[in-house]
Chemist: 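If you scroll down you'll find the structure; I have some questions about it.
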There are 2 protein chains.
Amino acid sequence: MSSLPISARSIPFPTSTRKGSVGTVPISPWDSLYFAGCPDLIGTPFSYAREEEIYGEAEEAEFVYKLLDGAVRTHKILSDGRRQITGFHLPGELLGFEQQDRHRHAAEALTDTRMLIFRRRQIERMAACNATVACQLWSLTARRLRDAQDHMLLLGRGSAMERLVAFLIDLDLRLGATGTFVLPMSRRDIADYLGLTIETVSRLMTQLEVDGALLRCSGRQLSLHRTHLDRLIAF
Amino acid sequence: MSSLPISARSIPFPTSTRKGSVGTVPISPWDSLYFAGCPDLIGTPFSYAREEEIYGEAEEAEFVYKLLDGAVRTHKILSDGRRQITGFHLPGELLGFEQQDRHRHAAEALTDTRMLIFRRRQIERMAACNATVACQLWSLTARRLRDAQDHMLLLGRGSAMERLVAFLIDLDLRLGATGTFVLPMSRRDIADYLGLTIETVSRLMTQLEVDGALLRCSGRQLSLHRTHLDRLIAF
DNA sequence: CGAAACCTTGAGAGCTCTCAATGTGAGTGG
DNA sequence: CCACTCACATTGAGAGCTCTCAAGGTTTCG
């Protein structure tokens, strides 16, 4: 394994055409620099500020991002302004990885984030001649598909309360299953993810607290009562 | 390319453990016997009757199916009976292709169908050592993901009318874009796909006909007026 | 022709949305 | 430290869309 400074690697550093700034905090472990376990691909550290756009819908998919720190939302927007958030991304997860040349949705930083950037073409070239890499990409996409199908079930057949509860439980699991966490996203983001309005989300949160299914310290700081919440959903 | 009779190939024919029956109609073109353009994999013809189960949810994913003729629905069911149809599959499309060992949804024949069956493990083995095959599998899964995300937008942010119109337009495109076709599925199937009830679907169909956006000959036989329908949606 | 499944239509209820007002918290400047 | 602002969140009242329940009509199939 090379221990050259990151900036000395051959991957060009994206600058003028991109928003965001260079990550200055040292990245560790080194392992996380690798993409799909492939030591020939090393990511470039990069960071985005809260609410900053990472890429736009239909923009050319030049980079792939591995989130180290923070949180990201991806979304689609209709001509009349309606928005559907297609997913929230937490540390360790990948985003922007399209199988075609253009992004299918936009991505924005929910909080200040640090990530690694990889060139998509380089990864594709690697996959084209390395079956192991290709299978890992397939695996990543398959997992996304499973998530999307589960979310379809929630959106198509869940009540507003079921959608919210399922969302909270899922988020807790992905943040370490401690039952206590700070929501990285606004009520609007939650509403646009669950196909609801912010008012409905707010009312349901209040109802959950009144029913003793969760505690709120400051709006976004939550403590879930899993046994109580689990009884509210069939998903 | 071998021209041996199909039954002489080495792929074991699924019998006792499976419903359905052997396809007797000769398959053509030969090309369609191949999976992912790979001549080492030849499918076994098979057929299912209307409403017959092809595989169940959580069942072991032993086979992959390439639909030659007919139509198939895949769905998930909740403990209380609510059902979400995750997709309709038409001739030329693949189904049952999981990246893990178990199916994530059930599949049933909407009409009498003919298909080709491939052994999943054999395909996986092929992908593990052939990057081209692996990339094609990745590509297939990526396309499904795109469809699922588009459907999420529809379910999360579309009105009942928008969901129905988008569905009809999509179906028309996939059936040849002639503007005239026979719905292979019932109102209940449509409702469970769009997250609606059969009554709502029925009322909207009537309204579309009254508004001159489509013609109905016999319930399921439709003629769409694309220009009229296109004005009704933002998707 | 009869039966069963499927589809349509109607009336009323309920859930979620819309519109509007109030409350809360973080950041800023006096 | 306080007042102010602005974004975000909560709460309320009423409207509207879709669902539920029910009945009647249509198609399919034996």
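Throughout, a chain's letter reflects where its sequence line sits, starting with A, and its residues are numbered from 1.
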Chemist: Rounded to the nearest angstrom, tell me the gap between atom CG in A:Leu204 and atom C1' in D:dA9.
Modeler: 14 Å
Chemist: Pick from A:Arg83, A:Arg187, A:Gln84: which one makes a side chain to side chain donor-acceptor pair (under 3.5 Å) with A:Asp192?
Modeler: A:Arg83
Chemist: State, yes or no, whether a side-chain contact exists between A:Leu229 and A:Asp172 at a heavy-atom distance under 4.5 Å.
Modeler: no
Chemist: Are A:Met115 and A:His89 side-chain neighbours, meaning at least one heavy-atom pair lies under 4.5 Å?
Modeler: no
Chemist: Nearest 0.5 Å, please: how far is OG1 in B:Thr74 from CD1 in B:Ile85?
Modeler: 8.0 Å
Chemist: What integer distance in Å separates B:Gln221:CD from C:dC7:C1'?
Modeler: 16 Å
Chemist: Look up atom CZ in A:Arg157 and atom NZ in B:Lys76, then write down how far apart they are to the nearest 0.5 Å.
Modeler: 14.5 Å
Chemist: Counting any heavy atom closer than 4.0 Å, what does A:Ser159 reach on the DNA or RNA strands: base, sugar-phosphate only, or nothing?
Modeler: sugar-phosphate
Chemist: From CZ of B:Arg157 over to P of C:dT16, roughly how many Å is that when rounded to an integer?
Modeler: 13 Å
Chemist: Tell me whether B:Arg216 at atom CZ has more than 12 heavy atoms from other residues, nucleotides or ligands lying less than 6.0 Å away.
Modeler: yes
Chemist: Any base atoms under 4.0 Å from A:Arg220, or only sugar-phosphate, or nothing? Heavy atoms, all strands.
Modeler: sugar-phosphate
Chemist: Need to verify one output field. Residue with the more 5' nearest nucleotide on DNA chain C, B:Arg50 or A:Thr197?
Modeler: B:Arg50
Chemist: Using the 3.5 Å cut-off, write out each protein N or O paired with an N or O of nucleotides 8-11 of chain C and the distance between them.
Modeler:
{"unit_1": "C:dT8", "atom_1": "OP1", "unit_2": "B:Arg187", "atom_2": "NH2", "d": "3.1"}
{"unit_1": "C:dT8", "atom_1": "OP1", "unit_2": "B:Arg216", "atom_2": "NH1", "d": "2.3"}
{"unit_1": "C:dT8", "atom_1": "OP2", "unit_2": "B:Arg187", "atom_2": "NE", "d": "2.7"}
{"unit_1": "C:dT8", "atom_1": "OP2", "unit_2": "B:Arg187", "atom_2": "NH2", "d": "3.4"}
{"unit_1": "C:dT8", "atom_1": "OP2", "unit_2": "B:Ser202", "atom_2": "OG", "d": "2.7"}
{"unit_1": "C:dT8", "atom_1": "O5'", "unit_2": "B:Ser202", "atom_2": "OG", "d": "2.9"}
{"unit_1": "C:dT9", "atom_1": "OP2", "unit_2": "B:Thr206", "atom_2": "OG1", "d": "2.3"}
{"unit_1": "C:dG10", "atom_1": "N7", "unit_2": "B:Arg203", "atom_2": "NH1", "d": "2.7"}
{"unit_1": "C:dG10", "atom_1": "O6", "unit_2": "B:Arg203", "atom_2": "NH2", "d": "3.4"}

Chemist: Output the rounded distance in Å from CZ (B:Arg188) to C1' (D:dC19).
Modeler: 12 Å
Chemist: Is A:Arg146 salt-bridged to A:Asp150, cutoff N-O under 4.0 Å?
Modeler: no
Chemist: Once you round it to whole Å, what is the distance between P of C:dC6 and CG of B:Leu110?
Modeler: 12 Å
Chemist: Bend across the helix from C:dC1-D:dG30 to C:dG30-D:dC1, to 10°, with axes taken over 5 pairs at each end?
Modeler: 40°
Chemist: Run the salt-bridge test on B:Glu62 and B:Arg119 with the 4.0 Å N-O cut-off and return the result as yes or no.
Modeler: yes
Chemist: Figure out the CG/P separation between B:Asp189 and C:dC6, and round it to whole Å.
Modeler: 9 Å
Chemist: Between P on D:dT18 and CG on A:Leu196, what's the gap in Å once rounded to a whole number?
Modeler: 14 Å
Chemist: Taking B:Tyr55 as the fixed residue, which of B:Phe97, B:Tyr65, B:Phe63, B:Tyr48 is the one that meets the ring-ring contact (aromatic ring centres under 6.0 Å, His included) rule?
Modeler: B:Tyr65
Chemist: Rounded off to whole Å, could you give me the CG-to-C1' distance for the A:Leu208 and D:dT10 pair?
Modeler: 15 Å
